[in-house]
Amino acid sequence: MFESDFERNLFALRQDKLRQIEALGQSAYPNSFAATHSIPEVRAVYDDATAERLEGDRSNVTVAGRIMAIRLQGKAGFAQLQQNGVRLQIYVRKDAVGEQAFELYKLLDLGDHIGVSGYLFRTRTGELTIHVETITFLTKAMLALPEKYHGLGDVELRYRQRYADLFMNGVLNEGTPAEIHVRDVFIKRAKVLAALRKFFDSRGFVEVETPMMQPIAGGAAARPFTTHHNALDIDLFLRIAPELYLKRLVVGGIDRVYEINRNFRNEGISTQHNPEFTMLEFYQAYTNYWDLMDLTEECIKFVAQEVNGTTIAQFHGKEIDLGKWERLSMREAIIKWWWDEAGPGPTVQTFANSSSFLSWLDSVIGPVRPEHKAFLFHAALLAPQDQLRRGGSLGKAIADVFEAVAEPHLIQPTIIYDFPLAVSPLSKQKPDEPEWVERFEFYIGGFELGNAFSELNDPEEQRKRFEQQIAQRLRGDDEAHQMDEDYVRALAYGLPPTGGEGIGVDRLTMILTGASSIRDVILFPLLRPRKTTTTEGEQSSRE
RNA sequence: GAGCUCGUAGCUCAGCUGGUAGAGCAUCGCCCUUUUAAGGCGCUGGUCCUGGGUUCGAAUCCCAGCGAGCUCACCA
């Protein structure tokens with residue numbers, strides 16, 4: 001618990017102060033406090049009140065808060081109390097509160113919680129302030145607060161000790177870096193969740209919770225975490241997606257269903273990836289992916305309005321309009337965003353078959369050397385080229401080329417539709433192009449936010465796709481699907497034509513709050529546990 | 001998993017090309033009854049991330065490790 005002897009000594013000092021506070025007749029850890037207002041309420045009601053009005057009316061208030069600034073001046077003093085991210089100044093004079101209460105005031109430290117009663121007035125500089133008449137001690141801060149002006153800046157400490165981050169950086173002071181307004185971010189995140197529920201509830205969707213511990217981790221291409229149930233003596237997987245369970249529910253007759261909850265994927269960590277992340281998935285019977293495109297645009301617009309009151313978002317210094325959407329097929333996107341200086345781009349015919357796609361790739365990559373300015377751009381195309389030469393699937397290669405060529409450009413809201421069958425084991429084929437499926441993903445800010453498709457509902461075809469996935473698994477792809485017999489059985493009872501979609505809630509929150517890292521929208525992001533050299537005393541107190 | 005950058009007091013940071021560690025806030029003591037990054041005086045507080053190496057001498061240079069941030073890879 002202690003970072004140093006400094007903290008150990010401070011803790012002891014504060015224990016001593018607590019005893020002195022008790023000697024003044026106050027409880028060290030009282031159980032409750034009855035306030036008449038919250039601090040935000042006081043500010044909302046009286047921020048506009050003039051000094052004259054406050055003097056005439058004598059507005060008495062009782063509030064509680066954490067001391068974030070304290071200034072003693074002999075026989076009087078000022079302090080600022082903070083509650084719910086809002087601050088209010090108090091003024092304590094010895095002749096107003098009495099000898100004992102003033103002794104108590106002198107024993108207060110930054111970070112302590114107190115309650116005060118008094119009347120409102122304005123100081124010489126015009127600041128709304130409580131002229132305190134009684135002080136109630138509530139809780140002592142036994143540790144020193146981080147630097148009061150700059151706040152808590154160390155990113156690692158902010159993530160590891162989010163509690164300190166929240167109370168230190170919950171209020172925007174002048175001089176505080178603009179990206180640090182943590183409290184606001186998480187208030188907005190709560191609004192995002194509320195808005196999503198409002199949107200789907202109002203359209204007749206039923207919110208459900210499906211298993212997060214699953215005997216077969218399906219519904220996405222990812223490596224799962226493994227856990228174990230002792231009584232049943234079975235291994236279970238933390239889910240990588242709720243998809244297969246939600247579709248079972250549609251089979252069961254819940255035509256419109258959604259779930260907002262965590263998924264777990266045993267993969268790397270980055271500014272866009274946390275091993276556990278929050279996903280919204282929803283399914284609607286009797287719709288296809290075209291309908292979902294409309295619904296997606298409406299949903300994102302609605303959430304932006306609810307959360308920010310506007311569809312304009314600022315992200316990475318760019319203005320994004322969540323009300324304006326573009327739709328491109330994957331093939332169109334590659335053609336549109338092809339970098340001309342990298343050589344002649346593809347045409348519609350280029351995507352027709354493996355040989356035409358490979359010969360185009362060869363023609364573009366062939367002449368490029370390391371000193372060529374398009375070298376890095378081409379380097380990203382080497383993997384798909386190599387796959388194709390080894391007889392790999394055309395679809396996978398096209399999807400890879402899309403990611404390299406187009407994805408970074410998709411800053412403004414863009415729907416990319418029609419994906420290769422080879423990378424979409426759960427989607428329905430396009431009736432006129434069986435090598436392509438009715439699937440789209442949408443991108444904002446340069447990364448993927450959602451993935452949707454017309455759900456494959458033919459049990460025989462689904463069994464085949466699972467078998468293909470198993471074959472891939474045997475070839476070493478440990479992200480390929482496993483066979484889920486019960487899911488195939490569910491489909492055999494009849495899944496109506498259904499559209500389904502997943503939206504990354506953390507990433508959506510990033511866009512709406514301007515956060516550049518997913519860790520800034522997750523309260524406790526996964527970090528490597530810190531190795532501490534603990535003393536024996538601490539060890540035992542921890543256990 | 002790879003590359004780049006960073007790690008100095010509880011916090012925010014300074015410490016040039018190696019000469020043995022500083023400031024502000026916080027803490028502690030004193031003064032101060034409208035201050036507001038309050039102010040004034042004084043005192044504390046450091047295995048300079050860890051371990052090696054080079055050197056007469058390392059916070060500083062080199063190597064390894066640990067932790068973090070960013071970029072890339074994998075994915076949503």
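Every chain is numbered from 1, with letters handed out A, B, ... down the list of sequences.
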Side-chain N,O (R265(A)) to OP1/OP2 (C74(B)) below 4.0 Å: no
Whole-Å gap separating P (A9(B)) and CG (D154(A)): 11 Å
Below 4.0 Å: OP1/OP2 of A68(B) and any side-chain N or O of R528(A): yes
Sugar-phosphate only, base, or nothing, as touched by A221(A) at under 4.0 Å among non-hydrogen atoms: sugar-phosphate
Base-pairing assignment for C4(B) (Watson-Crick or G-U wobble, both under 3.5 Å): G69(B)
Contact list for RNA chain B against residues 443-453 of chain A - heavy-atom distance below 4.0 Å: E448(A)
N266(A) CG to G1(B) P, straight-line distance once rounded to whole Å: 12 Å
Under 3.5 Å on both distances, the Watson-Crick or G-U partner of A9(B): none
Length of the CG-C1' vector between L152(A) and U12(B), whole Å: 10 Å
Euclidean distance for P, G10(B) against A73(B) (whole angstrom): 40 Å
Interatomic spacing from CG in D165(A) to CZ in F186(A) - rounded to 0.5 Å: 8.0 Å
Atom P, compared across U27(B) and G40(B): separation rounded to whole Å: 16 Å
Touch class at under 4.0 angstrom, heavy-atom based, for E441(A) against every strand present: nothing
Spacing of the C1' atoms in A9(B) and U47(B) (rounded, Å): 13 Å
Atom-to-atom span, CZ of F264(A) to P of A76(B) - whole angstrom: 17 Å
Most 5' of M279(A) and S517(A) on RNA chain B, judged by nearest nucleotide: S517(A)
M168(A) CE to G10(B) P, straight-line distance once rounded to whole Å: 16 Å
Whole-angstrom distance between A58(B) and G15(B), as gauged at atom C1': 14 Å
Using residues 437-445 of chain A as the side-chain source, report each donor-acceptor pair under 3.5 Å to any protein atom, sequence neighbours left out, with the distance given to one decimal.
unit_1  : atom_1 : unit_2  : atom_2 : d
E438(A) : OE1    : S454(A) : OG     : 2.6
R439(A) : NE     : N451(A) : OD1    : 3.0
R439(A) : NH1    : V423(A) : O      : 2.9
R439(A) : NH1    : S424(A) : OG     : 2.8
R439(A) : NH2    : E441(A) : OE2    : 2.9
E441(A) : OE1    : Y443(A) : OH     : 2.7

Residues that S59(A) engages under side-chain hydrogen bond (donor to acceptor under 3.5 Å, both in side chains), provided they are two or more places apart: none
Gap between atoms CZ and P, on F167(A) and G10(B) respectively (whole Å): 17 Å
C1' spacing across the pair U60(B) / C49(B), given as an integer number of angstrom: 15 Å
Side chain to side chain contact (heavy atoms under 4.5 Å, CB included) partner of M142(A), chosen from D109(A), L18(A), L10(A): L18(A)
Considering only nitrogen or oxygen atoms on both sides, find all protein atoms under 3.5 Å from nucleotides 71-73 of chain B and state each distance.
unit_1 : atom_1 : unit_2  : atom_2 : d
U71(B) : OP2    : T271(A) : OG1    : 3.4

Summary of side chain to side chain donor-acceptor pair (under 3.5 Å) pairs that have at least one residue in residues 263-272 of chain A, sequence neighbours excluded: R239(A)-N263(A)
Under 4.0 Å protein heavy-atom contact, by nucleotide of nucleotides 22-34 of chain B - B base, S sugar-phosphate only: --BBBSS---BBB
Between P of G7(B) and CG of L157(A), the distance in whole Å: 15 Å
Nearest-angstrom distance, P atom, A23(B) to U44(B): 11 Å
Any R519(A) side-chain nitrogen or oxygen under 4.0 Å from OP1 or OP2 of G69(B): yes
Counterpart residues, salt bridge (charged side-chain N to carboxylate O under 4.0 Å, His left out), relative to R66(A) (two or more places apart): none
Rounded P spacing from A37(B) to C43(B) in Å: 27 Å
Separation of G69(B) C1' from I518(A) CD1 (nearest whole Å): 16 Å
Pairs where residues 49-60 of chain A contributes a residue and the test salt bridge (charged side-chain N to carboxylate O under 4.0 Å, His left out) is met, not counting sequence neighbours: R53(A)-D57(A)
Donor + acceptor pair across side chains of Q89(A), R71(A) (<3.5 Å): yes
Aromatic ring proximity F237(A)/F225(A), centre distance under 6.0 Å: no
Touch class at under 4.0 angstrom, heavy-atom based, for D400(A) against every strand present: nothing
Test item: L508(A) and I300(A) side chains (from C-beta on) under 4.5 Å apart, heavy atoms: yes
4.5 Å side-chain heavy-atom contact, E281(A) and Y258(A): no
Neighbours of RNA chain B within residues 402-413 of chain A, by heavy-atom distance under 4.0 Å: none
Which side-chain N or O atoms in residues 514-527 of chain A pair as donor and acceptor under 3.5 Å with protein atoms at least two apart or in another chain?
unit_1  : atom_1 : unit_2  : atom_2 : d
S517(A) : OG     : R519(A) : N      : 3.1
D520(A) : OD1    : Y159(A) : OH     : 2.9

Atom P, compared across C62(B) and A21(B): separation rounded to whole Å: 22 Å
Flag for R189(A)-T278(A): side-chain donor and acceptor within less than 3.5 Å: yes
Watson-Crick or G-U wobble partner of G45(B), both distances under 3.5 Å: none
Those residues that, when tested against H409(A), pass ring pair (Phe, Tyr, Trp, His ring centres under 6.0 Å) (two or more places apart): W337(A)
Donor-acceptor contact present, side-chain H481(A) to main-chain G219(A), <3.5 Å: yes
Solution key, residues 412-422 of chain A side-chain donor-acceptor pairs under 3.5 Å, sequence neighbours excluded:
unit_1  : atom_1 : unit_2  : atom_2 : d
Q412(A) : OE1    : D321(A) : N      : 3.1
Q412(A) : NE2    : E319(A) : O      : 2.8
T414(A) : OG1    : Q412(A) : O      : 2.7
D418(A) : OD1    : Y289(A) : OH     : 2.6
D418(A) : OD2    : K430(A) : NZ     : 2.9

Nearest-neighbour nucleotide for the S4(A) side chain, C74(B), G69(B), G10(B) considered: G10(B)
Nucleotide opposite A76(B) in a Watson-Crick or G-U pair, distances under 3.5 Å: none
